[in-house]
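Keep in mind that this is a model prediction, so the values were computed, not measured. Residue numbers count from 1 along this sequence.
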Amino acid sequence: MIHLRDVSYVRLGTRDLEGATRYATTILGLEVSERSRGAVHFKSDAREHTLCYFDGDPTDQVVAFEVDSRAELDAAGAELERLGHPVHRGTADEAAQRKVRDFVAFRDPTGNRIELVWRPQMGARRYHGERDAGITGFSHVGLCTTDAARDEAFWTTVCNARVSDRIGDAPLLRIDEIHHKIALFPTHRAGIQHINHQVESSDDVQRSFHFIREQGIPVVFGPGRHPTSSARFLYFEGPDGMVYEYSSGVRSIADELMYRERQFEFAPPGFCEWGAKPEIKEFKS
């Protein structure tokens with residue numbers, strides 16, 4: 001079994017790198033950690049970067065997960081190859097671009113591009129966003145799935161993910177005590193469905209709600225509270241159709257023996273207990 005330690009970063013292609021950079025700093029509240037030819041890296045916590053926008057096709061999207069050792073990385077690559085998932089071993093230059101010591105890349109059963117990384121680089125200075133959004137760190141991703149049961153089996157049998165809850169057929173998966181680090185939403189394409197950053201408090205969620213609306217950025221869900229993770233949330237549009245989320249107060253699951261996954265309906269009450277209704281196609285039946 002491949003042991004995923006944490007979600008590490010996302011990489012997003014864009015045709016408008018400067019526009020995406022302005023959005024990431026002035027709207028989302030991230031900090032530029034490095035500019036290089038054709039790419040900009042952004043900090044949101046103690047890591048050297050958790051988001052990279054690069055010149056490229058907006059459908060070119062990658063999610064990376066950290067593993068504990070090079071031996072585990074080697075074993076993961078061999079296991080993926082054995083299961084029929086072709087693996088690319090990163091070159092030294094590619095690893096340097098990602099600020100990791102080593103990595104392997106593959107596609108999950110839907111075709112989502114995944115990287116497993118070893119020893120992601122930590123920052124030498126604290127994160128300090130250009131806008132005070134209250135961000136405490138990059139937290140989780142929503143992934144598209146064309147077959148939720150198949151992909152759930154991949155993440156829970158090939159990897160160490162466990163189901164915390166389901167909304168309809170959409171599983172919310174944890175790889176540590178946090179309620180979920182991966183969410184799989186049924187649709188007809190591969191790609192990242194949304195990107196989440198945690199913020200310090202519900203006050204930060206509400207402040208960002210007003211700020212984002214004043215900037216003319218469409219809010220597509222919330223403010224609200226998820227009945228699954230208990231997190232207070234806000235979803236809003238980003239560059240190239242990406243959906244970003246702020247949330248605060250996400251549930252921790254410390255007792256693995258006592259916890260049992262729960263089923264919620266795939267309808268607005270299954271997504272929000274405050275009554276907000278999503279304008280996100282993957283959240284609609």
If you apply the rule salt bridge (charged side-chain N to carboxylate O under 4.0 Å, His left out), what do you find for Asp204 with Arg232, and how did you get there?
CA-CA 10 Å; Asp204 294 309; Arg232 280 78 71 190; over 6 Å; no

So which heavy atom on [X] is nearest to which on [Y], and how close?
X	Y	value
Pro186	Ala148	CG-CB, 4.2 Å
Lys43	Gly123	NZ-CA, 3.9 Å
Ala124	Glu48	N-OE1, 4.1 Å
Phe221	Cys272	CZ-CB, 3.7 Å
Ile135	Gly29	CD1-O, 4.1 Å
Pro223	Gln206	CG-OE1, 3.8 Å

Phe138 and Val10: CA distance, side-chain angles, deciding distance, side chain to side chain contact (heavy atoms under 4.5 Å, CB included) verdict:
CA-CA 10 Å; Phe138 171 46; Val10 292; 3.9 Å; yes

With the 4.5 Å side-chain cut-off for hydrophobic clustering, are [X] and [Y] part of the same group?
X	Y	value
Val62	Val243	no
Leu143	Leu51	yes
Leu173	Ile253	no
Ile280	Leu234	no
Leu83	Ile2	yes

Could you check if a side-chain atom of [X] sits within less than 4.5 angstrom of a side-chain atom of [Y], using non-hydrogen atoms only?
X	Y	answer
Pro239	Tyr244	yes
Arg107	Pro86	no
Thr21	Arg35	yes
Leu28	Phe42	no
Ile167	Leu172	yes
Val219	Glu237	no
Lys284	Glu279	yes

Nearest-0.5 Å distance, [atom1] of residue [X] to [atom2] of residue [Y]:
X	Y	atom1	atom2	answer
Leu80	Asp108	CG	CG	10.5 Å
Thr228	Arg166	OG1	CZ	13.0 Å
Ser139	Glu245	OG	CD	8.5 Å
Leu116	His3	CG	NE2	12.5 Å
Ile195	Gln61	CD1	CD	7.5 Å
Asp147	Glu152	CG	CD	10.5 Å

Using only atom types and a distance under 3.5 Å, with no angle test, would you say the side chain of [X] pairs donor to acceptor with the backbone of [Y]?
X	Y	answer
Glu72	Ser69	no
Asn112	Cys144	yes
Glu66	Trp118	no
Ser208	Val205	no

Could you check Tyr235 against Phe271 for side chain to side chain contact (heavy atoms under 4.5 Å, CB included), going step by step and ending with a plain yes or no?
CA-CA 12 Å; Tyr235 294 78; Phe271 286 94; over 6 Å; no

I'd like to know if the side chain of [X] pairs up with that of [Y] as donor and acceptor (distance under 3.5 Å, no hydrogens or angles considered).
X	Y	result
Thr50	Asp45	no
Asp165	His179	yes
His194	Glu282	no
Arg174	Ser164	yes
Gln198	Ser247	yes

Is it the case that more than 12 heavy atoms not belonging to [X] sit under 6.0 Å from its [atom1] atom?
X	atom1	answer
Asp169	CG	no
Arg207	CZ	yes
Lys281	NZ	no
Glu200	CD	no

Could you label the plane-to-plane angle of the His140 and His180 rings as parallel, tilted or perpendicular, counting under 30° as parallel and over 60° as perpendicular?
tilted

Taking the six-membered ring for Trp, are Phe185 and Phe283 parallel (under 30°), tilted (30 to 60°) or perpendicular (over 60°)?
tilted

Using the ring of Tyr9 (Phe, Tyr or Trp, six-membered ring only), decide whether Arg98 places NZ or CZ under 6.0 Å from its centre and within 45 degrees of its axis.
no

Phe211 six-ring centre to Arg131 NZ/CZ under 6.0 Å and within 45° of normal:
yes

Apply the test side-chain hydrogen bond (donor to acceptor under 3.5 Å, both in side chains) to residues Thr91 and Asp93: give CA-CA distance (whole Å), side-chain angles for both, the deciding distance (0.1 Å), then the verdict.
CA-CA 5 Å; Thr91 66; Asp93 284 346; 5.4 Å; no

Decide yes or no on side chain to side chain contact (heavy atoms under 4.5 Å, CB included) for Val63 and Ile182, but give the supporting numbers first.
CA-CA 10 Å; Val63 181; Ile182 308 165; over 6 Å; no

Using a strict threshold of under 4.0 Å (side-chain N to carboxylate O), is an ion pair present between [Y] and [X]?
X	Y	value
Lys181	Asp6	yes
Arg125	Glu31	yes
Asp60	Arg113	yes
Arg89	Asp102	yes

Going by the ring pair (Phe, Tyr, Trp, His ring centres under 6.0 Å) test, name the single residue among Phe103, Phe106, Trp155 that passes it with Phe65.
Trp155

Please determine whether ring pair (Phe, Tyr, Trp, His ring centres under 6.0 Å) holds for the pair Tyr246 and Phe236, giving the CA-CA distance in whole Å, both sets of side-chain angles, and the decisive distance to 0.1 Å.
CA-CA 9 Å; Tyr246 293 139; Phe236 48 99; 4.9 Å; yes

With sequence neighbours excluded, residues passing side chain to side chain donor-acceptor pair (under 3.5 Å) with Arg150:
Thr110, Thr146

What residues form a side chain to side chain donor-acceptor pair (under 3.5 Å) with Arg162, not counting sequence neighbours?
Glu256

Using the side chain to side chain contact (heavy atoms under 4.5 Å, CB included) rule, take Leu30 and His197 through it: C-alpha gap first, then chi angles, then the decisive distance, then the call.
CA-CA 10 Å; Leu30 305 186; His197 291 84; 3.9 Å; yes

